*Asks:* 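Take a look at the following structure, please.
All values reported here derive from a predicted model rather than from experimental measurement.
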Amino acid sequence: GMAGQMIMKPKLILCLALVLSGLVLTSSSCQSLQHGEINKTSLKKNGVTVEVSLLDTFSAGQPVEMVVNVTNAGPESVFYQPWIRTLGIHLVDSNGAMPEMTPRGKSGSDSVIDRGSFATPAVEELKPREHHEWRVDLGALFILKSGKYLVYVKLKLNQPAPEGTAPFEISTDPLKFVIQ
C-alpha cells in the first residue's frame, strides 16, 4: 500500500546518491533498486576520453542525472567551455523527436542550444591527467514524459581554439533510458 511506498522512496534516493557518487562498489547494498542498472558509454579521441553514464530507469518527476566525465590522457592540454551547450546534448524520444525544452534548457548558461552567444564564456584548460565532470539533470532542460529515450553527447573541445590547437568534437554512442 501507500505506507510501503513511502518507506521505499528515501531508500531509493539514498541508493541513487550512493550509486552516482561511486561509493557503492557492490550492487548488494542496493537491492531495493531493482531496475537501477547504470548505462555507460565512453569514447576516446586525440587522447581525450569522454564517459557518459546514467541510470536506465527513472521515476517521472525525479531528476534524470547524466554524468559526463572528460579525462585528458594526452600529452597536450585541451580547452573547453564549462557551459552545458558545450556538451552538445542530443536527446530523442522513441519517435526520434527531440522533447520540448524547458525555459532553462533554452536560455542562459544551461542552454542546450548552441547559438554562438554574444558573451564569450570562459575557456577552461584541461591539463594532461586532469578530468572534468558535468552532472546534468536532463529533466531540468527537457520536458520528459513517461517513455523511452536515447541520449548522446557531442562534446566540443578547443572551440574557440587557442593558439596552436585544433578544434575537435567527440560524439558518444547513444544511451537508452526509460521514464516510468
*Asks:* Do Val48 and Thr71 make a side-chain contact, defined as non-hydrogen atoms from C-beta onward lying under 4.5 Å apart?
*Replies:*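 They are not in contact (no side-chain heavy atoms under 4.5 Å apart), so the answer is no.
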
*Asks:* Between Asn72 and Ser77, what is the shortest heavy-atom contact and its length?
*Replies:*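 Shortest heavy-atom contact: ND2-CA, 3.8 Å.
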
*Asks:* Could you tell me which non-hydrogen atom of Phe142 sits nearest to which non-hydrogen atom of Pro99, and how far apart they are?
*Replies:*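 Scanning both residues, the minimum pair turns out to be CD2-O, 3.7 Å.
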
*Asks:* Of all heavy-atom pairs between Ser107 and Pro103, which one has the smallest distance, and what is that distance?
*Replies:*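 So the two residues come closest at OG-O, 3.1 Å.
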
*Asks:* Is the shortest side-chain heavy-atom distance between Thr57 and Phe177 below 4.5 Å?
*Replies:*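 They are not in side-chain contact.
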
*Asks:* Take atom NZ in Lys145; do more than 12 heavy atoms of anything else shown fall under 6.0 Å from it?
*Replies:*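 At most 12 heavy atoms, drawn from other residues, nucleotides or ligands, come within 6.0 Å of this atom.
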
*Asks:* Does some side-chain heavy atom of Leu43 sit less than 4.5 Å from a side-chain heavy atom of Thr49?
*Replies:*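 They are not in contact (no side-chain heavy atoms under 4.5 Å apart), so the answer is no.
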
*Asks:* Measure from the side-chain N and O atoms of Asn158 to the backbone N and O of Ala166, and report whether any donor-acceptor pair falls under 3.5 Å.
*Replies:*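 Yes; judged by distance alone, with no hydrogens or angles, the pair exists.
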
*Asks:* Ser171 side chain to Lys154 main-chain N or O, any donor-acceptor pair under 3.5 Å?
*Replies:*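 Not at all, since once roles are kept as given, no pair shorter than 3.5 Å links the two residues.
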
*Asks:* May I ask you to decide if Thr41's main-chain N or O and Asp173's side chain share a donor-acceptor pair within less than 3.5 Å?
*Replies:*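 No; zero donor-acceptor contacts below 3.5 Å.
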
*Asks:* Quick check: closest heavy atoms across Phe79 and Thr165, and the distance to 0.1 Å?
*Replies:*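 Closest approach of Phe79 to Thr165, heavy atoms only: CE1-CG2, 4.1 Å.
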
*Asks:* Without swapping roles, check the side chain of Lys45 against the backbone of Glu169 for a donor-acceptor pair under 3.5 Å.
*Replies:*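 Between the backbone of Glu169 and the side chain of Lys45 there is a qualifying donor-acceptor contact (under 3.5 Å).
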
*Asks:* Looking at Lys44 and Ala73, what are the two nearest heavy atoms and their distance?
*Replies:*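 Lys44 and Ala73 have their closest heavy atoms at NZ-CB, 4.3 Å.
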
*Asks:* Does Asp93 use its side chain to pair, donor to acceptor, with the backbone of Asn95 at less than 3.5 Å?
*Replies:*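 Yes; at least one donor-acceptor contact below 3.5 Å.
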
*Asks:* Linking I/L/V/M/F/W/Y whenever any side-chain heavy atoms sit under 4.5 Å apart, do Met101 and Trp134 land together?
*Replies:*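 Yes, because Met101 and Trp134 connect within a single hydrophobic cluster, where side-chain heavy atoms sit under 4.5 Å apart.
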
*Asks:* Do Thr86 side-chain atoms and Gln81 backbone N/O form a donor-acceptor pair below 3.5 Å?
*Replies:*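 Side chain of Thr86 to backbone of Gln81: a pair is present.
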
*Asks:* Taking Trp83 for the side chain and Val112 for the main chain, is one N or O donor matched with an acceptor at less than 3.5 Å?
*Replies:*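 Looks like no, no N/O pair under 3.5 Å.
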
*Asks:* Using a 3.5 Å distance criterion without hydrogens, assess whether the side chain of Thr102 forms a donor-acceptor pair with backbone atoms of Leu141.
*Replies:*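 At least one qualifying donor-acceptor pair exists.
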
*Asks:* Using 0.5 Å steps for rounding, measure from the CD atom of Glu124 to the NE2 atom of His132.
*Replies:*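 If we round to the nearest 0.5 Å, Glu124:CD and His132:NE2 are 7.0 Å apart.
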
*Asks:* Determine whether a donor-acceptor pair (N or O, by modelled atom type, separation under 3.5 Å) exists between the side chain of Gln62 and the backbone of Ser59.
*Replies:*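 The answer is no, because no donor-acceptor pair under 3.5 Å joins these two groups.
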
*Asks:* With a 4.5 Å heavy-atom cut-off, do Val70 and Tyr80 have their side chains touching?
*Replies:*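 Contact flag for Val70/Tyr80 side chains = no.
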
*Asks:* Can you name the nearest heavy-atom pair linking Glu65 to Phe58, along with the distance?
*Replies:*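 Minimum heavy-atom contact is N-CE2, 3.8 Å.
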
*Asks:* Does a side-chain heavy-atom distance below 4.5 Å link Met66 with Ile89?
*Replies:*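 Yes. Closest side-chain heavy atoms under 4.5 Å.
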
